[in-house]
Amino acid sequence: MKLELTRRLSEKDTQEGRKGRSTFDIVAGTSIGAINAAVLVSYVVENHTYEGSAERLIDFWNYLSKESMADTNPFFKPWWDYWHAINREIATGEAARRYFSAKEFAIFGVPNVFYPHRPTRDSRFYDSENTWYRYSNEPLRRSLERFAKFPIATSKEDNQPRLLLVAVDVADGIPVTFDSYPKDDGTRKTEYGRFLTDNNREVGFEHVVHYDDGITSDQVMASGSFPVNFDFAKMEVESYSAEPTSTPQVGVQTLSTVNARGYRKGMRYFWDGGLMTNTPLMQLVLLHRQYWWRVRGLKDSVPRLGICVINLHPKKQTEIPTDRDGVINRNNDITFSDRTHLEEAALLLISDFIDLTRELLRVAEEKGVDKNFLANLLSRETNFHGEFLKPRRFQDILEGRFQIDEIIRVNRENDLDTISNKTFDFSSETIKLLLERGYNDALDGFEEYKRSQASKTADSN
């Protein structure tokens, strides 16, 4: 998908007289999207161009893939297709190839992606069917570090794309976003959790992850550590403590002392960001606004956004599955599919309310309302800001207005030969098919976008 996206967007820029500009200003990803995003942005930082970046991604995926026994057996698919022709309830040769390839890899692992741990027997209920099968994704980390150069620290001044990755804090159950751009104080860090105050003194957010040199493979792997199957990803985090300074803290993995700001270091655990935000549209828009408003000081409006969403889980499926594997697969696709239509509606509603408020303020000034009265009104703190937001003024809401010009959605088309355990299928044949079909899905996404734009133009005329 990304290869065709890059080519089409480059053509669009050339047609609009913007040849040579950065194809993507922001690349945001979750789970396997975070891994792709890191490889892509790393390439651009190293080579100062997007040209060749898609080929780097293709090389990466070919490096991960492995031939399965079903791939190499010339009689496997014909045998299954023969029986499928007799009884349509039996899997096709292609579906069977994927199913048994995934099963093979789930048992033996894939050298450049993961390997199985020894099964963990149930010591709580003593149920033999409750055996825990887990895998190490350290081979994937090594593969990632082979194709991406870490740490990844980018800046607008150097015309480098911004990298945003999303994980989930397991203990708090909230999304955590890592950012390759610097904050307004020049550091690179992620602050999350509750915003704390002490005796009307602002303390800060509950947790802080520092990565001043840039995003590392730790943050990428945190975004892609799929629950249950893989171990938690661990990272050192500073968490606020009400204990007096220099008091040893017990009960965290890393013993440390509380610093002058009231924070102590400890290890926290993270899971795949897809659990909560598989398509990080909201994070992208809000952090885009925050950077241009806070760091670059744009008070009126921040640069407008044109967004392309890539959805790897088909939203639609014509035939309702009746077998167990098919039902599990459909459940997974719905669970992890793109759900940003509601986020898009909420963001556009906020933008409309800001426009309305600004217009009301303009009219109020024209009608003679005292400017000092309006200034005092805007400087008041909002009544509600929620426990996860820093207290803000009404003025803060109106400044740094964002606008979304367009959203292009590239959806993976439903595949009749799909299986539920597809996250384990790194077979060479499957990777080849995914690359080919991703290319076609990107073409379809752009054609649908062009049709919708043409329809809007016709309606306006």
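Heavy atoms only: backbone and side chains are in, while hydrogens, waters and symmetry mates are out. Residues take their numbers from the sequence shown, with the count starting at 1.
In summary, Asp212 and Lys189 do not engage in a salt bridge, as defined by a charged side-chain N under 4.0 Å from a carboxylate O. Under 4.0 Å is where a charged nitrogen must lie from a carboxylate oxygen, and between Arg142 and Glu145 no such pair does. Electrostatic pairing of Arg162 and Asp25 does not count as a salt bridge here, judged by no charged N lying under 4.0 Å from a carboxylate O. Salt bridge status for Asp405 with Arg304: present, with a side-chain N to carboxylate O gap under 4.0 Å. Between Asp415 and Arg437 a salt bridge is recorded (basic side-chain N to carboxylate O distance below 4.0 Å). We find that Arg188 and Asp179 are not joined by a salt bridge, their nearest charged nitrogen and carboxylate oxygen being 4.0 Å or further apart. The pair Glu46-Lys149 does not meet the salt-bridge criterion, since no charged nitrogen lies less than 4.0 angstrom from a carboxylate oxygen. Using a cut-off of 4.0 Å between Lys/Arg side-chain N and Asp/Glu carboxylate O, Lys234 and Asp218 are scored as not salt-bridged. A salt bridge does not link Asp417 with Arg97: none of the charged nitrogens is closer than 4.0 Å to a carboxylate oxygen. Between Glu94 and Arg98 there is a salt bridge, with a side-chain nitrogen of the basic residue lying less than 4.0 Å from a carboxylate oxygen of the acidic one.
Checked by atom type, the side-chain pair Ser301/Arg401 shows no donor-acceptor distance below 3.5 Å. Side chains of Asp272 and Ser31: a donor-acceptor N/O pair is present below 3.5 angstrom, by distance only. Residues His207 and Ser239 have side chains that bring a donor and an acceptor to within less than 3.5 angstrom of each other. Between the side chains of Ser101 and Glu104, no donor N or O sits under 3.5 Å from an acceptor N or O. A donor-acceptor pair shorter than 3.5 Å cannot be found between the side chains of Ser428 and Asp71. Side-chain polar atoms of Asp425 and Thr430 form a donor-acceptor pair below 3.5 angstrom. With hydrogens and angles left out, the side-chain atoms of Lys103 and Asn421 include no donor and acceptor closer than 3.5 Å. Of the N and O atoms on the side chains of Ser65 and Asn62, not one donor lies less than 3.5 Å from an acceptor on the other residue. Looking at Thr340 and Arg409, their side chains do bring a donor and an acceptor atom within 3.5 Å of each other. Side chains of Thr190 and Tyr211: a donor on one and an acceptor on the other come within 3.5 Å. Counted by atom type alone, Asp338 and Asn311 present zero donor-acceptor pairs between their side chains at under 3.5 Å.
The main-chain N or O of Phe336 is found under 3.5 Å from a side-chain atom of Asn278 such that the two form a donor-acceptor pair. Side chain of Thr216 to main chain of Pro151: no donor-acceptor pair is present (N/O by atom type, distance under 3.5 Å, no hydrogens or angles). Glu399 places no side-chain N or O within 3.5 Å of a backbone atom of Asp396 that could act as its donor or acceptor partner.
A centroid separation of 6.0 Å or more is found between the aromatic rings of Phe105 and Phe424. Checked against a 6.0 Å centroid threshold, the rings of Phe147 and Tyr63 count as neighbours.
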Test side chain to side chain donor-acceptor pair (under 3.5 Å) on Asn36 and Trp61 and set out the steps. CA-CA 9 Å; Asn36 283 338; Trp61 280 98; 2.9 Å; yes
Using the side chain to side chain donor-acceptor pair (under 3.5 Å) rule, take Lys66 and Asn112 through it: C-alpha gap first, then chi angles, then the decisive distance, then the call. CA-CA 9 Å; Lys66 180 183 184 300; Asn112 294 327; over 6 Å; no
Applying side chain to side chain donor-acceptor pair (under 3.5 Å) to Thr154 and Ser180, what does each step give before you reach the verdict? CA-CA 5 Å; Thr154 62; Ser180 68; 2.6 Å; yes
Before you tell me yes or no, could you show the steps for Tyr192 and Asp169 under side chain to side chain donor-acceptor pair (under 3.5 Å), namely the whole-Å CA-CA distance, both residues' side-chain angles and the distance that decides it to 0.1 Å? CA-CA 10 Å; Tyr192 71 97; Asp169 183 298; 2.6 Å; yes
Between Lys432 and Glu429, does the salt bridge (Lys or Arg N to Asp or Glu O under 4.0 Å) criterion hold? Intermediate values first, please. CA-CA 5 Å; Lys432 178 183 175 183; Glu429 184 64 24; 5.1 Å; no
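At most 12 heavy atoms of other shown residues, nucleotides or ligands fall within 6.0 angstrom of atom OH in Tyr99.
Scanning both residues, Val309 and Ile407, for their nearest heavy atoms gives CG2-CG2, 4.1 Å. Among all heavy-atom pairs drawn from Leu140 and Phe60, the shortest one is CD1-CZ, 4.4 Å.
Classification of the Tyr115-His117 ring pair by plane angle, with boundaries at 30° and 60°, yields perpendicular. Under the 30°/60° scheme for interplanar angles, the aromatic rings of Phe100 and Phe76 are found to stand perpendicular. Ring orientation note: the planes of Tyr135 and Phe230 are tilted relative to one another, at an angle of 30° to 60°.
Only one option out of Leu164, Val209, Leu163, Val220 pairs with Phe178 in a side-chain contact (heavy atoms from CB on, under 4.5 Å); it is Val209.
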